[in-house]
Amino acid sequence: MPRKTQTTDLLMNLEQALSTAVAEAFEALYGENIADQVALQPTKKEFAGTYTFVTFPYSRITKEKPDVAAQRMGEKVQESSDLLSGFNVVKGFLNLEIGDAAWVKVLASIAQTEQYGVAEPIGQKVMVEYSSPNTNKPLHLGHLRNNFLGYSVSQIMDAAGYEVKKVNLVNDRGIHICKSMLAYQKYGEGETPESAGIKGDHLIGKYYVEFDKHYKAQQYEWMETQKANHPELASIEDLREFKKGVDDKNKTKQPLSDEERAAMKPFKELQAQAEKEATLLKEAQEMLRKWEQGDEDTVVLWKQMNGWVYDGFNATYNTMGVTFDKFYYESDTYLLGKDLVEDGLSREVFYQKDDGSVWADLSGDNLDQKLVLRSDGTSVYMTQDMGTSDLKFQDFAFNKSIYVVGNEQDYHFQVLFTIMKKLGREYADGMYHLSYGMVDLPTGKMKSREGTVVDADDLMAEMQQTAKNYTAEKGKIDDPDSEEAQALYHMLGMAALKYYLLRVDPKKRMLFNPQESIEFQGDTGPFIQYTHARIKSVLRRAEQVGHAKDVATFGTLTQLHPTEVEVMALLARYPDKIQEAADTYSPSVVAQFAYDLAKEYNRFYQEVPILNEVDAPTLAFRLAFSEQVAKTIAHAMQLLGIQVPERM
RNA sequence: GCCCCUAUAGCUCAACUGGAUAGAGCACCCGCCUUCUAAGCGGACGGUUUCAGGUUCGAGUCCUGAUGGGGGUACCA
């Protein structure tokens with residue numbers, strides 16, 4: 001899709017301007033308009049030039065050898081565009097060289113822009129749903145990836161010109177909350193976050209675990225009374241020990257004995273029975289029924305416990321630095337969607353079975369049959385999501401609706417989107433599942449049962465502590481306990497964590513290595529922050545001395561250092577990078593860009609003096625140039641939800 | 001069983017959507033602080049892009065198959 005170019009800011013997007021020039025040259029030479037398909041690519045480091053036009057694909061039109069066409073194209077472009085200082089041809093590759101004077105103009109143009117990189121509003125609305133926690137346990141590492149992604153994508157869409165609405169669909173009802181509630185009722189003894197001195201979400205999580213403990217105990221108790229009926233199990237003294245033994249063997253990949261193998265099948269059957277027989281579960285289900293009927297005591301308890309959780313979540317969101325424009329609660333939306341089932345039946349998108357259950361037949365879409373209403377008339381997750389998507393559209397009339405949800409729900413969203421399309425919802429084409437991969441630990445998958453879950457609050461606190469230790473080690477701070485210092489530690493720790501999680505392509509499963517994540521060197525958030533702080537330091541000093549950095553002073557400059565050109569080439573690409581990140585819903589594009597820019601600038605910083613430069617225009621350029629790099633770094637980091645310090 | 005995702009340097013990740021000799025960081029080794037922040041910079045080492053075919057001027061990228069890893073799979077959310 002060609003983006004509009006304004007002649008006034010031609011220099012603002014060099015690539016765009018050059019593409020146009022190339023397309024015009026092509027049309028002049030070969031009489032065909034290829035403006036839609038012209039794609040310039042960055043020139044490889046080992047060749048001279050900044051942008052490269054590849055002529056191979058056009059040999060059918062040019063009827064010339066690719067290198068000949070490239071040569072003629074180069075000559076033509078140079079005639080028509082004063083941006084070019086020269087070009088070279090290698091095989092079918094036309095490498096376009098931008099003159100230093102042109103780069104100076106580009107910088108001047110960037111410096112005069114209010115917020116370089118940000119697109120004009122495009123008149124489109126996008127809703128981004130993310131976080132969407134359950135209220136029965138605190139947030140963990142997986143949620144961090146979700147929240148950071150959701151927030152960052154929102155920022156990126158905003159920078160790409162969309163009107164953005166960030167929403168959080170809180171799963172505040174259902175059997176899992178009832179489990180916590182029940183356990184609290186039974187074993188809580190009136191404990192509160194204040195009395196226990198723990199955050200509300202952690203307190204509720206504690207009772208969720210408590211429920212599971214008692215529930216398991218009940219199951220085994222019941223199973224012991226039944227095992228006599230199963231010959232393979234009768235001789236086992238303690239079923240719990242037996243299961244533990246088998247699990248251990250499986251984990252360490254030892255073979256099971258014949259007896260064990262034979263006993264596993266009846267054991268599993270018995271366990272499945274036990275899960276249903278255990279009275280605790282029945283009690284929890286009863287509680288859910290009471291909640292749905294609006295039983296007062298139940299609702300009061302539910303409100304109280306959810307209130308605690310929200311206090312806890314708010315604190316966590318605050319530390320994470322994420323925000324929402326609107327909250328949806330499943331307690332409000334769980335009944336939605338039933339009218340859509342009716343609608344679907346009348347449109348014959350759904351069909352009803354004899355038992356009364358309603359199904360969508362999506363076998364034609366390679367998706368099989370999917371239940372949308374139980375035989376007892378109650379709705380399922382899918383029903384609710386159908387209703388909620390209508391509600392969201394009513395609320396915001398979006399062009400795009402993004403769901404930031406883990407990839408274990410790929411199937412669910414494929415089905416949801418297909419159904420909504422079949423139901424004639426035109427907005428369905430704008431629905432997108434931003435599916436991200438699980439976060440693994442070096443020890444494998446996070447498992448709550450095995451206690452390997454990395455708690456979000458703990459992790460963030462650790463990151464801040466690490467930042468403090470590291471800073472102390474460097475001896476860079478006067479008063480390590482001042483408020484300013486604390487703010488810095490928080491900034492650094494969160495940057496390390498966010499950058500670590502965001503630099504990876506969202507859809508890929510990733511490894512969270514605790515040792516690596518707290519690294520502050522190399523391809524890390526703090527490295528980029530450091531580059532920013534470093535530039536700011538130079539700028540402060542220049543300010544004190546009173547050095548000029550205005551266009552009037554550096555505008556006439558015609559000669560740049562090679563490292564300056566490299567950095568300028570990156571800087572010039574920023575608007576496109578934002579666009580690419582928005583098109584692919586991928587903060588990793590921005591992360592990569594910020595790193596490249598910082599890296600390349602540091603090279604310049606190392607090789608080229610700034611404050612000691614005697615030539616006034618050159619000095620002014622280097623200051624203005626450094627300032628723009630700092631601003632762009634800060635902005636790119638902001639798109640990742642990362643703050644950047646003035647000094648560190 | 002069926003469906004979806006994934007596989008790139010010892011490890012963690014890139015590769016601008018089919019372009020040139022596949023790049024960074026970490027780890028290991030060697031250099032650089034009497035100059036603007038060394039949380040930095042340079043250099044060395046490291047690759048049959050899991051395997052086998054195919055498509056074309058050109059394939060890490062596309063198509064087919066195999067293998068390894070992960071996820072989902074009809075009254076859970």
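The chains referred to below are lettered A, B, ... by the order of the sequence lines, with proteins before strands, and numbering in each begins at 1.
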Next item on the list: Identify whether the glycosidic angle of B:U48 places it syn (within 90° of 0) or anti.
Entry: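 Here the answer is anti: the torsion falls beyond 90° from 0.
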Checklist line | Chi-angle category of B:C33 [syn within 90° of 0, anti beyond] | finding: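 Syn conformation for B:C33.
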Check: How do A:K507 and A:V90 order along RNA chain B: which one's closest nucleotide is nearer the 5' end?
Finding: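 Of the two residues, A:K507 wins.
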Check: Toward the 5' end of RNA chain B, which comes first, A:K474 or A:R173, by nearest nucleotide?
Finding: A:K474
Next item on the list: Note every stem involving RNA chain B: at least three consecutive Watson-Crick or G-U wobble pairs, i with j then i+1 with j-1, with both distances under 3.5 Å.
Entry: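 Stem list for RNA chain B: B:1-7 with B:67-73, B:10-13 with B:23-26, B:29-32 with B:40-43, B:50-54 with B:62-66.
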Margin query: Less than 6.0 angstrom separating the ring centers of A:Y436 and A:Y585, yes or no?
Written below: no
Atom pair distance, as rounded to whole Å: [atom1] in [X] and [atom2] in [N]:
X	N	atom1	atom2	answer
A:I535	B:A39	CD1	P	16 Å
A:F512	B:U12	CZ	C1'	13 Å
A:Q409	B:C5	CD	C1'	15 Å
A:M510	B:G70	CE	C1'	15 Å
A:E600	B:G23	CD	C1'	13 Å
A:K137	B:A77	NZ	P	15 Å
A:H143	B:A77	NE2	P	17 Å

[X] vs [Y] side-chain heavy atoms within contact, under 4.5 Å:
X	Y	value
A:D172	A:E330	yes
A:S389	A:Y403	yes
A:F604	A:R622	yes

Nearest to the side chain of [X], heavy atoms from C-beta on, is which of [options]?
X	options	result
A:N95	B:C36, B:A20, B:A77	B:A20
A:R503	B:U12, B:G72, B:A77	B:U12
A:E516	B:A20, B:C36, B:U12	B:U12
A:R509	B:G19, B:G71, B:G70	B:G70
A:V504	B:A14, B:A77, B:U37	B:A14
A:Y595	B:A39, B:U21, B:G25	B:G25
A:K599	B:G19, B:C16, B:G42	B:G42
A:E408	B:G40, B:G72, B:A77	B:G72
A:Q592	B:A39, B:A14, B:C36	B:A14

Given the [atom1] atoms of [N] and [M], what is the spacing between them in whole Å?
N	M	atom1	result
B:G72	B:U49	C1'	28 Å
B:A52	B:C5	C1'	22 Å
B:U35	B:G19	C1'	44 Å

Hey, does the side chain of [X] come within less than 4.0 Å of [N]'s phosphate (OP1/OP2), counting only N and O?
X	N	value
A:R603	B:G42	yes
A:R60	B:C57	no
A:K91	B:G19	no
A:Y411	B:G72	no
A:N602	B:C41	yes
A:R374	B:C76	yes
A:K44	B:A20	yes

Next item on the list: On the 0 to 90° scale, with breaks at 30° and 60°, tag the A:W291-A:W302 ring pair as parallel, tilted or perpendicular.
Entry: perpendicular
Checklist line | Plane angle bin for A:Y500 and A:F512 - parallel if under 30°, tilted between 30 and 60°, otherwise perpendicular | finding: perpendicular
Next item on the list: Answer yes or no on whether A:R534 is positioned over the face of A:Y605, meaning its NZ or CZ is under 6.0 Å from the six-membered ring centre and within 45° of the axis.
Entry: yes
Check: Is the Lys NZ or Arg CZ of A:R503 less than 6.0 Å from the centre of A:Y595's six-membered ring, within 45° of the axis?
Finding: no
Item checked: Close residues, residues 351-361 of chain A, relative to RNA chain B [heavy-atom separation under 4.0 Å] ->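 Here the set is A:D355, A:S357, A:W359.
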Checklist line | A:K338 side chain to A:G377 backbone, donor-acceptor under 3.5 Å | finding: yes
Check: Would a distance-only check, ignoring hydrogens and angles, find a side-chain to backbone donor-acceptor pair under 3.5 Å from A:S588 to A:L502?
Finding: no
Check: On a plain distance test, is the side chain of A:T43 in donor-acceptor contact with the base of B:A20 below 3.5 Å?
Finding: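 Flag unset: no donor-acceptor pair detected.
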Note to self: If the condition is side-chain hydrogen bond (donor to acceptor under 3.5 Å, both in side chains), which residues does A:K137 pass it with, not counting sequence neighbours?
What the structure shows: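 Here no residue qualifies.
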Notebook entry, point to check: Are the ring of A:F56 and the six-membered base ring of B:G19 within the stacking cut-offs of under 5.5 Å and under 30°?
Noted result: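 Yes; centroid distance and tilt both under limits.
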Next item on the list: Could you tell me whether the side chains of A:S180 and A:N136 share a donor-acceptor contact shorter than 3.5 Å?
Entry: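 No, A:N136 and A:S180 have no side-chain donor paired with an acceptor closer than 3.5 Å.
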